[in-house]
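Since the structure comes first, as structure tokens, the remarks are kept for the end.
Residue numbers start from 1 in every chain, and the chains themselves are labelled A, B, ... in the order their sequence lines are given, proteins ahead of strands.
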Protein chains: 2
Amino acid sequence: MKDIAQRAGVSESAVSFALNGRPGVSEVTRDRVRRVAEQLGWRPSTAARQLSGEGAATVGFVLARPADTLGVDSFFLQLVSGIQEVLAERHLGLLFQVVEDVTDECAVYRRWWAEHRVDGVLVVDPRTDDPRPGLLDELGLPAVVIGGAPDERHPGLSTVWADDAGAMASVVDELYRLGHRRIVHIAGLPGLAHTERRVRTLRAEAERRGLTEVESVTTDYSDAEGAAVTRRVLGRPAPPTALIYDNDVMAVAGMTTAAELGFSVPADVSVVAWEDSALCRMVRPWLSALSRDSVEFGRTAARELTALLDGGPARTVRVPVPQVIVRESTGAARRA
Amino acid sequence: MKDIAQRAGVSESAVSFALNGRPGVSEVTRDRVRRVAEQLGWRPSTAARQLSGEGAATVGFVLARPADTLGVDSFFLQLVSGIQEVLAERHLGLLFQVVEDVTDECAVYRRWWAEHRVDGVLVVDPRTDDPRPGLLDELGLPAVVIGGAPDERHPGLSTVWADDAGAMASVVDELYRLGHRRIVHIAGLPGLAHTERRVRTLRAEAERRGLTEVESVTTDYSDAEGAAVTRRVLGRPAPPTALIYDNDVMAVAGMTTAAELGFSVPADVSVVAWEDSALCRMVRPWLSALSRDSVEFGRTAARELTALLDGGPARTVRVPVPQVIVRESTGAARRA
DNA sequence: TAGTTGGGGTCAATCCATTGACTTCCCCGG
DNA sequence: CCGGGGAAGTCAATGGATTGACCCCAACTA
């Protein structure tokens, strides 16, 4: 800036005013300064900006997953790419970190906060009894919880969520209509808020319809557990006629396992994947799946965060209910 | 820091010395200062640090992919998680950005450089005729090229690469041994350096053995193109007896397509995937695949970058040659 | 003509940590 | 008893952008 000031024959303040579009300089000067800046390829140093009160121009994103669980998961990359789209417009950077568990994640937030490294964060995989919203609220770090249920206890945080309950209800509805009465839900990680929501809803729906042979089994989302649970439940004397998997990976693994056990899909057992991705169309029969727009999900979350950074109020936004895409893996239940 | 200085009854300089382990303060004072700092939960502001000459304590990572191509790809998340592991030890942040193409990527580097946002970057998906190494060299931004071939033109950059040529040779070797003479390689994006290396090696190996019905077809890595190409080549009068796919996604899509066309795997056609992941064991028959440790790949790259940041010399490091994991999708060629 | 006003700028402080130059004070040797 | 030297600290400048306080002058008003 000193350079620019010199070459344009004005003070540094004038340069600052000119470049930030604030009054205090004539249009002529402004133009001159702009041209010099352009010519010099000048960009404000984020560090200096930050020191003088502006934010860090960065938002944080932590993924708490044991390294080996990060496998074939289309959801996160899509989410992140949606987030980026919005952040890029405002020239906000995304500081990304992978950690082992939520405790480490909290430590990261604390550090980022103390170091003033980020202006806000995006939180994923909310849990029942999650320490993160409390921490972020306490630190006063703007945050958007992605996939959480609305939470009154932390009015400082925004929430963006999909209506898992509604989606689960519609899946059960569909399966019930097809005549399925024995349904097993191969769920994801037990502590996660959306797992709990799905499990609860399934139970409620079953009760409402008087179904007794409906249950959820939690897993770690891995293909291995998906296959193992499938093998176990299909080995029962009265095996389920429909399986709902909480992600695409387990659904594929499960369907393969079913085939190995001599079950034909969908004649003997119907399969639904909770998450639509290329995977679902890479196997035969094509997997029926719950589809949502993860990229748009990311965009929405990022938009909420920027709104928060602009001083807007915390909000709770619901994205469209995931839709059941019926393909080939679901069909009428075989008569008992 | 002012706070700490006050409470510990010393000057700010003393605090700085104490906390950074430099001489100039007594052990007693140092301890006192440390305790006060700890108690206050103090962490140096990265911005201020950066202004006084230290780096940004951040490295950049840009992924140039059209949003819709980011699909089911285990490689990047694994790579990133390996990178993180090493960076986290040194408390270095990872600034992550997704862009559309290499041109945008270069713009991002320029911006980061001008804003002093990153101390170095990790470059992935090097291409033939890649503008990035030149740019980074010119900017003097420390960089590690991941997956590039050694490149003498830019002595400032480190390179971490896997020996694709060696791996391709071993795959061809294996297939040849099994009696395959008509081989099609469903390759990745044409401009990528490793695609070119694989294609070239395949041609060389074919020539060496006098095979005339061997070829590579480039694609965009998507399941759709993988399936389409498979359909096309298997529809020929003399279809190939072995298919090599440049990623797991296309391999699965291709194998499914082959099955639909009435080809039995591996009896009629053998399939090899270049990238081992859970996917390969989620389909039947299990996919034979080239396996490499992507997490370790990431760790190595990050280590090279930190070495570079410490002022070390640029180096070229080769990670172990990917190994062929023979599963069920490869077998002896059917007699002509 | 004296006084007011506002557009166009400048000055200097501020944010926070680091660091080279300098000051104190104590201990030891001569 | 004095001077040299080293340990322990302090002072103030530095880096880059922002910003509240102030200044100057031309034009307009009473």
Side-chain angles (χ1 to χ4, degrees), chain A residues 1-34 36-38 40-58 91-93 111-119 140 309 311, chain B residues 1-34 36-38 40-58 91-93 111-119 309:
Chain A
M1 261 179 80
K2 212 185 295 180
D3 262 21
I4 302 181
Q6 226 158 35
R7 302 200 193 199
V10 291
S11 71
E12 286 184 52
S13 321
V15 175
S16 177
F17 291 147
L19 262 21
N20 291 311
R22 6 171 94 240
V25 290
S26 62
E27 274 315 305
V28 186
T29 313
R30 194 184 297 277
D31 264 16
R32 183 152 37 89
V33 170
R34 272 213 195 104
V36 177
E38 177 114 6
L40 262 51
W42 175 88
R43 300 241 89 213
S45 143
T46 32
R49 263 234 159 106
Q50 195 179 336
L51 258 192
S52 14
E54 311 287 304
T58 306
H91 289 254
L92 289 169
R111 199 151 53 71
W112 281 351
W113 171 79
E115 293 176 349
H116 300 119
R117 266 191 101 109
V118 298
D119 300 330
L309 297 182
Chain B
M1 260 179 81
K2 211 185 296 178
D3 262 21
I4 302 182
Q6 226 158 33
R7 300 199 194 201
V10 292
S11 70
E12 286 184 52
S13 321
V15 174
S16 177
F17 291 147
L19 262 21
N20 291 313
R22 3 171 93 240
V25 289
S26 63
E27 274 314 307
V28 186
T29 313
R30 194 184 297 276
D31 263 15
R32 184 152 37 91
V33 169
R34 272 212 195 106
V36 176
E38 177 114 8
L40 262 51
W42 178 88
R43 302 241 88 214
S45 141
T46 32
R49 262 237 158 101
Q50 196 179 333
L51 258 192
S52 8
E54 311 286 305
T58 306
H91 288 255
L92 288 170
R111 200 150 54 72
W112 281 351
W113 172 80
E115 293 176 349
H116 301 117
R117 265 190 101 106
V118 297
D119 300 330
L309 296 182

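Remark: B/N20 is not in phosphate contact with C/dA17, judged by side-chain N or O atoms under 4.0 Å from OP1 or OP2. A sub-4.0 Å separation between OP1 or OP2 of C/dC16 and a side-chain N or O of B/W42 is absent. Within the 4.0 Å cut-off from OP1 or OP2 of D/dG15, not a single side-chain nitrogen or oxygen of B/R49 is found. Contact annotation: B/S45 does not reach the phosphate of C/dC16 (side-chain N/O to OP1 or OP2, under 4.0 Å). B/S11 has a side-chain polar atom (N or O) that falls below the 4.0 Å cut-off from OP1 or OP2 of D/dT10. One finds a side-chain N or O of B/S16 lying less than 4.0 angstrom from the OP1 or OP2 phosphate oxygen of C/dT18. OP1 or OP2 of D/dG9 lies within a sub-4.0 Å distance of a side-chain N or O belonging to B/S26.
Residues satisfying the salt bridge (charged side-chain N to carboxylate O under 4.0 Å, His left out) test with A/E38, not counting sequence neighbours, are none.
In terms of position on DNA chain D, the residue among A/R22 and B/L51 whose nearest nucleotide sits closer to the 5' end is B/L51. Residue A/E27 is the one, among B/P44 and A/E27, whose nearest nucleotide of DNA chain C lies closer to the 5' end (criterion: closest heavy atom). Summary of the strand contacts: B/V10 and B/S52 both lie near DNA chain D, and taking for each the nucleotide with the nearest heavy atom, the more 5' one is attributed to B/V10.
Within the 4.0 angstrom heavy-atom criterion, no nucleotide atom of any strand lies near B/R30. At a threshold of 4.0 angstrom between heavy atoms, the contacts of B/G53 with the nucleic acid are absent.
Atoms CG (B/L19) and P (D/dA8) sit 17 Å apart, rounded to a whole Å. Atom CD of A/Q50 and atom P of D/dT18 are 13 Å apart (whole Å). Atom CD of B/E115 is separated from atom C1' of D/dA17 by 13 Å (rounded to the nearest Å). Counting to the nearest Å, the C1' atom of C/dA13 and the NZ atom of B/K2 are 12 Å from each other. Following rounding to the nearest Å, A/D3 (CG) and D/dA17 (P) show an atom-to-atom distance of 10 Å. In this structure, CD1 of B/I4 is placed 14 Å from C1' of C/dT18, rounded to the nearest angstrom. Summarising the geometry, the separation between CD on A/E54 and P on C/dC16 is reported as 14 Å, rounded to the nearest angstrom. Rounded to whole Å, the distance from CE on B/M1 to C1' on D/dC11 is 14 Å.
Checking side-chain atoms of A/S16 against main-chain N and O of A/E12 turns up no donor-acceptor pair under 3.5 Å. Checked by atom type and distance alone, the side chain of B/R30 never pairs as donor or acceptor with a backbone atom of B/V15 at under 3.5 Å. Using modelled atom types, no side-chain atom of A/R43 and backbone atom of B/E115 make a donor-acceptor pair closer than 3.5 Å.
The base of D/dT19 lies close enough to the side chain of A/S13 for a donor and an acceptor atom to sit less than 3.5 Å apart.
Of the candidate nucleotides C/dG9, D/dA17, C/dA17, D/dA17 has the atom lying nearest to any side-chain atom of A/E12. When the nucleotides C/dT10, D/dT18, D/dG15 are ranked by their closest atom to the side chain of A/A14, C/dT10 comes out on top. Nearest to the side chain of B/F17, among D/dA17, D/dT10, C/dT18, sits D/dT10.
Side-chain contact annotation: A/R117 with B/T58, donor-acceptor N/O pair under 3.5 Å present. Side-chain polar atoms of A/S26 and A/T29 form a donor-acceptor pair below 3.5 angstrom.
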